[in-house]
Amino acid sequence: MNRLRPSRWWLAGVLSVGLVAAASAQSKGVKLITAADMKPYLRFLGARELRGRSAPSVELDIAAKYLAVEAARIGLQPLMPDGSYFQAVPVEVTTISTVRSYLRVVGPAGETRFSFPQAFTTTGPGASEWSASGGAVFAGSALNGPKPAWDDALGIDLKGKFVVVLDLPPPATPTGGAGQSASAARTRLLREKGAIGIITLVERTREANLAKKGLDFDIRERLRFLDVDTVNPPAVRAAGAAPPAQAAPASAPAGPFYTVEVRHEAGAAILGVSLDELGRLIDTVAGAQAVAPRLLARRSVDIAVAFDQRTTTTPNVVAYLPGSDPRLKDEYVVIGSHHDHNPPREGRIFPGSDDNASGCVAMLSIAKAMMAERPKRSVIFVWHTAEERGLVGAYYFVQHSPVPVEKITANLNFDMITRNDPNGIYLIGTTKLSTELDKSFRDANASIKLTLDYKYDDPAEPNRFFFRSDQYPYIRYGIPGVWVFCGTTPDYHQEGDVEEKADYGKMEKVTRLTYLVAMDIGNKPGLLKLDVLPEVTTRGKHNMKVVWQRAAPPSPPR
Ligand SMILES: [Zn+2]
């Protein structure tokens with residue numbers, strides 16, 4: 001809407017450079033934000049010992065407690081009605097029952113019973129309890145070669161039976177594809193032939209890893225967050241959620257089809273061989289020698305999967321710095337980040353140092369700086385939970401805000417700030433609701449001199465980052481928001497996202513920049529003007545109906 005013409009931008013830029021350079025030189029706070037101050041915080045919050053801080057988990061609760069204790073030590077106040085720093089976000093957790101689930105092999109020599117998660121698992125926690133029993137067919141090498149050879153497996157009647165396969169490198173499809181699509185094609189074929197499920201013996205190095213580390217299969221959790229409306233565009237849901245269990249290809253016949261994985265001991269029992277014999281069988285099939293499929297005569301497999309359900313909470317950490325102006329202190333700048341990350345997978349830990357211990361630490365440093373020069377407006381620091389589960393903590397905060405949302409001038413969201421270009425940073429969202437937010441960043445940057453990159457600001461950009469962090473729920477509430485973001489690396493969501501790789505120099509600059517913006521918007525005479533979208537003129541839940549992926553707001557002035 002109210003885009004300034006280039007000539008006026010140039011003039012405004014020249015004037016504001018001088019003013020802000022002077023302002024930041026006078027800033028007592030900005031000099032308190034240093035790499036040296038932030039490093040010990042990041043070494044704790046980004047540590048492997050916190051096991052990825054997944055929501056909900058004990059380790060995330062420890063991280064939250066640490067943030068609350070530090071917030072109090074710095075001098076921030078609690079804001080929740082119960083006088084604490086914690087906003088409890090309720091969540092219903094469903095897991096496969098370790099007590100009531102079993103896999104039983106019945107053969108000529110009697111029956112052997114195996115347990116979850118020691119011996120078997122099934123894809124995802126699923127939605128409802130199930131049990132199935134039937135004979136079993138060993139697929140041999142028939143399903144590991146190219147698809148035409150799969151027909152060899154069909155000489156045996158598969159109706160009502162489990163098909164047992166060895167997990168080898170995924171079969172190639174006739175079109176040359178592999179992996180997911182091949183396995184989906186395989187499932188479709190087996191369902192068409194009337195099989196009731198597929199039992200996969202885990203791949204040999206995976207079996208060895210589990211054995212060596214003394215691990216079981218992971219106990220995955222299906223989460224249902226309560227009292228929160230996170231209705232997201234499909235792309236966000238796909239990025240955050242676990243795949244639904246027993247998902248059937250659209251064209252597959254009706255009827256249940258179960259996907260089960262077994263360790264080698266249970267696999268050997270199903271096949272009726274010793275572990276040594278199983279080893280030789282794997283060698284043979286892996287060596288591309290043809291092994292004919294066979295009916296596992298006179299034995300059957302019973303599987304029962306039950307679920308346990310509990311309701312717990314996971315915390316947003318909320319801390320408050322009262323504004324210095326008696327009139328403006330009833331308005332708020334919300335500075336945020338997320339403190340959760342992802343759970344371990346079979347012993348692999350994803351420390352999430354850049355994503356997003358880094359943003360959590362930047363907030364502590366800003367809080368310290370603001371103790372030296374309080375802005376006129378109050379500042380609320382929110383460390384959100386369950387961002388990785390679909391921005392849940394941020395949605396929960398705006399929907400259960402301890403202050404009126406129409407009094408929140410803006411949300412400044414840190415999520416990943418320590419990697420990539422040492423002198424550049426991506427800004428996402430500044431142009432979307434208020435031209436004043438973007439201008440504030442440009443003005444503040446006159447003294448910081450980072451390259452401000454708007455590559456990901458467009459909701460239509462293929463990565464769709466606009467929808468993928470905690471500023472988005474605020475923006476959906478009509479609150480101007482920004483995601484300050486360094487971009488992804490090959491370590492994103494991997495074991496390599498460790499504190500040792502943090503660029504503290506960059507972290508210092510990015511944090512100082514955002515601090516200056518927070519001070520600027522915290523001291524302005526009014527709330528940031530909503531002057532970009534005609535349909536968003538007031539803050540509040542009613543803006544949730546704005547469809548962002550189609551709105552295509554104007555691109556930023558260059
Ligand atoms: Zn993140």
Side-chain angles (χ1 to χ4, degrees), residues 38 41-42 45-48 50-57 59-60 63-64 67 89 223 225 230 232 235-242 314-317 334-345 349-364 381-397 411-420 425-429 456-457 461 463-475 481-499 501-503 506-507 510-511 514:
M38 292 190 274
Y41 290 133
L42 192 62
L45 287 168
R48 290 184 84 253
L50 290 176
R51 297 176 56 79
R53 308 182 308 275
S54 114
S57 72
E59 293 83 4
L60 183 63
L67 289 165
V89 178
L223 305 179
F225 289 92
T230 62
N232 287 331
V236 175
R237 180 62 53 88
T314 180
N316 282 335
V317 181
V334 173
I335 303 179
S337 65
H338 71 89
H339 59 313
D340 72 305
H341 193 56
N342 288 314
R345 291 274 178 248
I349 289 171
F350 313 107
S353 174
D354 186 52
D355 185 10
N356 178 39
S358 68
C360 296
V361 170
M363 288 171 59
L364 290 172
F381 296 82
V382 189
W383 291 269
H384 302 96
T385 186
E387 186 270 355
E388 302 283 5
R389 306 279 79 83
L391 319 181
V392 175
Y395 273 110
Y396 194 89
F397 183 83
N411 167 243
L412 309 177
N413 172 41
F414 291 102
D415 188 358
M416 305 169 66
I417 56 169
T418 62
R419 303 290 296 270
N420 293 324
I425 194 75
Y426 298 108
L427 297 181
I428 301 174
Y456 297 132
D457 183 58
E461 198 277 334
N463 287 289
R464 297 173 62 80
F465 284 126
F466 176 75
F467 303 97
R468 288 174 55 185
S469 189
D470 286 333
Q471 81 295 337
Y472 180 57
Y474 290 84
I475 289 174
V482 59
W483 174 8
V484 180
F485 176 47
C486 68
T488 59
T489 68
D491 293 319
Y492 172 68
H493 285 196
Q494 301 299 318
E495 291 170 279
D497 183 4
V498 293
E499 178 272 332
K501 294 182 185 172
D503 177 346
K506 173 169 183 164
M507 189 183 191
V510 170
T511 308
T514 312

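For the single chain, residues carry numbers from 1 onward in sequence order. Indexing begins at 1, ligand by ligand and atom by atom, following the structure's order. Quick caveat, the model's predicted, so the values are computed rather than measured. Heavy atoms only: backbone and side chains are in, while hydrogens, waters and symmetry mates are out.
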Please name the atom of Asp415, restricted to N, O or S, that is closest to the Zn ion (ligand 1). OD1
Give the name of the N/O/S atom in Asp355 that lies closest to the Zn ion (ligand 1). OD1
Salt bridge (charged side-chain N to carboxylate O under 4.0 Å, His left out) test vs Arg419 passes for just one of Asp354, Asp491, Asp503, namely Asp491
Taking the ring centre of each residue, are Phe414 and His338 less than 6.0 Å apart? no
Would you mind telling me which of Phe466, Phe465, Tyr456 makes a side chain to side chain contact (heavy atoms under 4.5 Å, CB included) with Trp483? Phe465
So, is His341 placed with an N/O/S atom under 2.8 Å from the Zn ion (ligand 1), counting both backbone and side chain? no
Output yes when Glu59 and Arg53 qualify as a salt bridge under the 4.0 Å nitrogen-oxygen rule, no when they do not. no
